[in-house]
Structure formats: structure tokens, C-alpha cells
Undergrad: 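This is the structure I want to talk about, given as C-alpha cells.
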Amino acid sequence: MVKAIVGANWGDEGKGKLTDLFAETSDVVIRFQGGANAGHTIINPYGKFALHQLPSGVFYPHITNIIANGVALNIPALQKEIDALLSAGVPRPRLLISDRTQIVMPYHILFDQVEEARLSERQYGSTKSGIAPFYADKFAKIGFQVSELYDDGVLAAKLEQVLPLKNTLLRHLYHQPELKAGELLSDLLAWREAIRPYVADTFAFLSQAQRKGKKILLEGQLGALKDPDFGIYPYVTSSSTLAGYGSVGAGLAPGSITEIVAVVKAYSSAVGAGAFVSEIFGDQAHELRQRGGDAGEYGATTGRPRRMGWFDAVATRYGCHVQGATAVALTAIDVLSYLDVIPVCVGYEIEGQVVRDFPVTTRLNKARPVLEMLPGWKTDIRGIREFGHLPAEAQAYVRFVEREIGVPVSYVSNGPRRDEIILR
Ligand code: GDP
């Protein structure tokens with residue numbers, strides 16, 4: 001049985017908490033895309049952790065955690081994450097890294113930085129973790145697979161093939177010092193020892209786990225609207241954020257992913273550039289960002305203040321649809337408790353017409369939000385465990401969201417702690 005937890009918005013929906021919750025009853029937790037460029041925030045008895053690459057099952061000794069082939073593996077950053085866990089008293093996690101996973105090279109991070117600098121005010125708002133250069137190289141077939149680290153001949157030949165390409169750009173386009181093969185090679189040799197205990201044929205492991213009926217959890221990073229195909233291209237990430245990609249990025253049969261929980265936030269937030277139709281500004285945004293302080297409205301990886309907006313039914317319905325959501329977890333509804341009335345975006349006005357279907361980016365850039373006002377509840381709702389005990393207005397808000405997106409809201413999260421959740 002495979003369950004996926006994925007974002008229906010722009011990321012930061014609170015997937016970390018949900019994955020942590022579902023991880024407990026899983027046997028295997030898998031990261032299948034993305035890399036160190038985003039993070040889940042998890043609060044548990046060991047403390048508060050920002051996990052970037054480690055799957056959320058690392059706090060449970062019974063779980064096998066997999067960094068699968070679809071991930072952009074940053075080895076030094078992974079080492080830091082493991083060390084942070086160990087120094088907080090977490091037992092060494094059971095971790096497997098696919099031998100087919102590719103490695104973020106030092107120059108991927110460098111290229112991400114110098115390219116954003118070159119673009120100046122036209123930049124994408126990259127986290128500068130090397131993700132775009134990494135995936136570009138993977139598909140240009142000049143990436144480094146984990147398995148290749150253990151073959152000295154392949155490594156040397158590959159560096160010889162790749163470095164002239166990189167150095168030409170560095171020297172002539174970016175006016176940077178050239179890379180030296182010897183330095184890169186010594187990094188790679190150190191890295192291969194660091195991950196050696198974890199490297200495995202995870203495809204074979206997963207095939208066997210499935211045959212044995214193990215419970216497998218796929219953990220998505222970012223959200224549907226950051227998907228390179230279905231998101232707000234080009235202001236997207238460079239690997240697919242969709243549950244469907246879980247099958248490729250982890251190595252599972254497409255039909256095996258039977259449960260897809262899309263995480264939706266009760267309002268909107270986003271980091272980076274790109275159209276954000278229901279965005280709010282100034283004091284209004286500042287207040288929502290502060291109220292969402294618990295919801296970490298400062299990027300988990302970058303610390304950047306997030307862009308804020310009202311709940312966007314157009315984008316969220318589409319996000320759930322492209323995810324193939326079978327259930328929704330609505331998070332951070334407690335953050336809205338201060339509002340007298342709660343605006344929600346129910347349509348986009350584009351060139352004089354109101355649309356309810358999420359458009360391509362060129363049209364999205366022209367969209368203006370059509371807002372509807374819902375009554376607020378003006379009372380603290382944290383700690384409530386039963387849906388029926390929520391104020392009538394909060395119940396109505398949840399039902400409104402459910403009607404708009406057309407997927408059952410099976411979980412309502414009303415606080416950052418793992419027990420602050422209502423099952424419907
Ligand atoms: P992810 O990338 O989707 O995992 O999202 P993050 O973990 O970066 O951001 C979610 C933030 O929201 C974290 O700081 C969580 O502790 C917090 N959070 C999750 N659910 C809730 C909720 O229901 N209410 C509040 N106030 N905060 C929440």
C-alpha cells in the first residue's frame with residue numbers, strides 16, 4: 001500500500017506535520033524529488049527540526065527512510081542534517097540512499113548563484129541550492145550517479161568530459177575562476193565514504209517491501225503550482241512535485257499509489273517570484289505573516305519572509321486535481337482566527353472575463369482575484385479535537401473549501417503541534 005503526501009499549493013502547506021503524523025504508522029518513508037532547497041518543519045518530543053533531505057520517518061527506529069533516485073542529493077548538507085539529529089539525541093536513523101540517485105556537485109551551487117546574479121532583477125528567486133543546474137545536467141546526461149562514485153575510472157573520465165563545459169561558461173560568461181579536477185575529485189572521494197553505509201539498490205528493496213505488503217509513504221516537497229509542467233512556469237522548481245512522479249522518482253508501479261493526501265493551507269503563501277493572484281501586501285500581509293509565525297511564514301530553508309495571500313480556490317482546486325488527490329488535509333486554519341471577515345479568492349478576472357479554471361502563465365499574469373467574504377470566528381480554536389466543536393463559522397469555512405475544491409477535507413489542522421489535528 002502506497003500513500004503520497006503532497007502539496008496542492010506553492011509549498012509550505014504544512015506537509016511536514018502531516019508526514020510526521022502518517023510516518024508513525026508506515027514501514028517505509030521515501031523522498032522522491034527535490035533536494036535541500038526546501039524543508040519540512042517537524043515538532044516532536046526531541047525538539048523542532050527543519051528536515052531538508054531526510055525523509056520524515058527518521059525519528060522512528062522502525063522505519064526505513066529512503067532518499068530515492070528522483071532526489072538531488074547534496075551530500076555535505078545531508079551529513080549536517082544527520083549530525084543535527086544525532087546531537088539532539090535522536091537514534092541514528094535507518095536510511096537508504098538509492099544507488100541511482102544523482103549528486104549535487106559544488107559547481108551546481110556555484111552556477112545557481114552566478115546565474116541569479118547575472119539575471120539580477122529578472123532572477124527566479126532561487127534558493128541557490130543548485131537544484132536547477134543539477135536537474136539540467138541530469139537530463140543533459142552529464143550528472144553524477146551515486147553508483148559512479150565507486151568507480152574511479154568512470155569518475156575521472158566524467159570529470160574530464162564535464163569540466164571543459166563548465167569552465168568555458170565560468171570563465172567567459174560569469175568571469176569566475178575555473179574549476180580544478182583535483183579539488184572536485186577529492187570532494188567526491190570524501191563524499192563517497194560519507195554515504196557508503198547508506199547506499200543500496202532501493203528499487204529492489206521497494207519491490208520486496210511491496211510484495212511483503214509493507215506500508216509505504218511518499219513524501220512530496222514543494223507543491224503542485226511549483227511543478228515544471230503544471231505549475232507557474234518558469235517560476236517553478238526543476239523536478240516534478242506531483243504524486244504521479246512519485247512512481248518514477250521512487251521506482252514504484254504507477255497504479256500502486258492508491259492514496260494521495262493533498263495538503264492545502266487555509267490561506268496562501270509562497271516564496272520566490274511568479275504570479276500569485278490572491279497576494280496581499282503591506283500591513284494586511286504583515287499581519288497574516290506574523291499570525292502565521294507558528295506556521296513558519298519565513299521559509300524553512302531560506303528564512304525569507306513568505307509572500308502572503310488569501311485562500312485561492314482556483315489554484316487549489318487545480319492543485320488538488322493535478323495531484324490526483326483522494327483526500328485533503330487543510331492546515332493552519334487557526335491562523336485565521338483574528339479576522340472579522342475572511343476573504344477567499346473564488347475566481348480570476350482575465351481580460352474582463354471571470355474564469356474558474358487555472359490558466360497558463362501568460363494568462364495568469366493578467367489575472368485579478370475575484371474575492372468573496374466569509375464570516376470569521378474570532379476565537380482561538382487551537383486545542384479543539386472534534387470538528388463539531390469548532391465555531392460554526394470555522395466549520396462553514398472548511399465546508400466552503402471542500403465544496404470549492406471538490407475533494408473531501410479529511411483532516412483539519414488547527415495548530416503546529418502534531419496532536420493539533422481534527423479527523424473528520
Ligand atoms: P511543508 O514544506 O509543507 O512541510 O511546510 P513547512 O513545514 O515548511 O511549514 C509548515 C509550518 O507550519 C511549520 O512551521 C509547522 O509547524 C506549521 N504548521 C503546520 N500545521 C499547522 C497548523 O495547523 N497551524 C499552525 N499555526 N501552524 C502549522
Side-chain angles (χ1 to χ4, degrees), residues 4-23 29 31 33-44 46-58 127 129 217-226 237 241 243 261-272 287-308 311 316 319 323 328-339 380-385 387 390 394 397-398 401 409-424:
I5 302 188
V6 286
N9 301 136
W10 299 264
D12 308 317
E13 297 93 348
K15 294 178 295 297
K17 170 178 162 175
L18 270 296
T19 344
D20 186 36
L21 204 70
F22 292 129
V29 180
R31 278 288 311 273
Q33 45 88 220
N37 53 324
H40 286 324
T41 312
I42 291 183
I43 303 172
N44 63 24
Y46 292 107
K48 181 173 178 175
F49 299 89
L51 297 183
H52 304 287
Q53 298 182 86
L54 284 174
S56 298
V58 289
T127 61
S129 322
L217 187 66
L218 287 169
E219 170 171 20
Q221 182 208 39
L222 296 168
L225 300 162
K226 294 280 186 182
T237 191
T241 57
V261 179
V263 185
V264 166
K265 198 150 65 178
Y267 53 93
S268 301
S269 71
V271 285
E287 170 132 45
L288 183 57
R289 190 179 300 116
Q290 295 307 313
R291 301 271 178 177
D294 274 339
E297 290 315 347
Y298 294 89
T301 295
T302 57
R304 294 183 291 188
R306 292 182 183 147
R307 298 164 67 191
M308 308 303 292
F311 174 77
T316 307
Q323 289 291 14
V328 158
L330 184 68
T331 61
I333 182 166
D334 53 298
V335 172
L336 298 176
S337 300
Y338 71 102
L339 290 159
D380 186 8
I381 57 170
R382 282 183 64 173
I384 295 175
R385 296 288 170 274
F387 187 72
L390 286 173
Y397 191 84
V398 175
V401 167
V409 174
S410 306
Y411 310 89
V412 179
S413 171
N414 58 343
R417 290 210 329 267
R418 55 176 296 159
D419 58 335
E420 290 174 313
I421 189 123
I422 298 168
L423 308 183
R424 284 177 82 208

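Remember, it's 1-based here, ligands and their atoms both numbered in the order they're listed. Being a predicted model, the structure only gives us computed values, none of them experimental.
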Undergrad: Please confirm whether Ile333 comes within less than 3.5 Å of ligand 1 when only nitrogen or oxygen atoms on both sides are compared.
TA: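 Among all N and O atoms of Ile333, none is under 3.5 Å from an N or O of ligand 1.
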
Undergrad: Looking only at distances, can you tell me whether any N or O atom of Ser413, backbone or side chain, sits closer than 3.5 Å to an N or O atom of ligand 1?
TA: yes

Undergrad: For Asn9, give me all partners under side-chain hydrogen bond (donor to acceptor under 3.5 Å, both in side chains), at least two apart in sequence or on another chain.
TA: Thr316

Undergrad: Taking both backbone and side-chain atoms of Lys17, is any N or O found less than 3.5 Å from an N or O belonging to ligand 1?
TA: no

Undergrad: For Gln221, check side-chain hydrogen bond (donor to acceptor under 3.5 Å, both in side chains) against everything at least two apart and list the hits.
TA: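 Gln221 satisfies side-chain hydrogen bond (donor to acceptor under 3.5 Å, both in side chains) with Asn37 once adjacent residues are dropped.
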
Undergrad: Please identify which atoms of ligand 1 are closer than 4.0 Å to at least one heavy atom of Val335.
TA: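 Listed by number with element: 26 (N).
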
Undergrad: Relative to the heavy atoms of Glu13, which atoms of ligand 1 are at a distance of less than 4.0 Å?
TA: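 So the answer, numbered in order with elements, is 3 (O), 5 (O).
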
Undergrad: Over all heavy atoms of both residues, which pair between Leu222 and Lys15 is shortest? Give the atoms and the distance, please.
TA: O-NZ, 3.1 Å

Undergrad: Quick one: closest heavy-atom pair of Ile42 and Ser56, and the distance?
TA: CD1-OG, 3.4 Å

Undergrad: Could you tell me which atoms of ligand 1, counted from 1 in the order shown, lie closer than 4.0 angstrom to a heavy atom of Gly16?
TA: 1 (P), 4 (O)

Undergrad: Is there a donor-acceptor contact under 3.5 Å from the side chain of Arg31 to the main chain of Gln33?
TA: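 Present.
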
Undergrad: Does Thr331 reach the main-chain N or O of Glu13 with its side chain, forming a donor-acceptor pair under 3.5 Å?
TA: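 Side chain of Thr331 to backbone of Glu13, a donor-acceptor pair under 3.5 Å: yes, one is there.
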
Undergrad: Only one of Arg418, Lys17, Glu420 clears side chain to side chain donor-acceptor pair (under 3.5 Å) with Ser413; which?
TA: Lys17

Undergrad: Against ligand 1, does Gly415 come closer than 4.0 Å with any heavy atom?
TA: yes

Undergrad: In ligand 1, which numbered atoms sit nearer than 4.0 Å to a non-hydrogen atom of Gly14?
TA: 1 (P), 3 (O), 4 (O), 5 (O), 10 (C)

Undergrad: Under 4.0 Å from a heavy atom of Lys15: which atoms of ligand 1 are those, numbered in the order shown and with their elements?
TA: 1 (P), 2 (O), 3 (O), 4 (O), 5 (O)

Undergrad: Less than 4.0 Å between a side-chain N and a carboxylate O, is that true for Arg417 and Asp419?
TA: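 Arg417 and Asp419: salt-bridged.
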
Undergrad: Within the structure, is a non-hydrogen atom of Arg306 found at a distance of less than 4.0 Å from ligand 1?
TA: yes

Undergrad: Side chain, backbone, both or neither: which part of Asp12 comes within less than 4.0 Å of ligand 1 when only heavy atoms are counted?
TA: both

Undergrad: Please list, in number order, the atoms of ligand 1 under 4.0 Å from a heavy atom of His40.
TA: 1 (P), 2 (O), 4 (O), 7 (O)

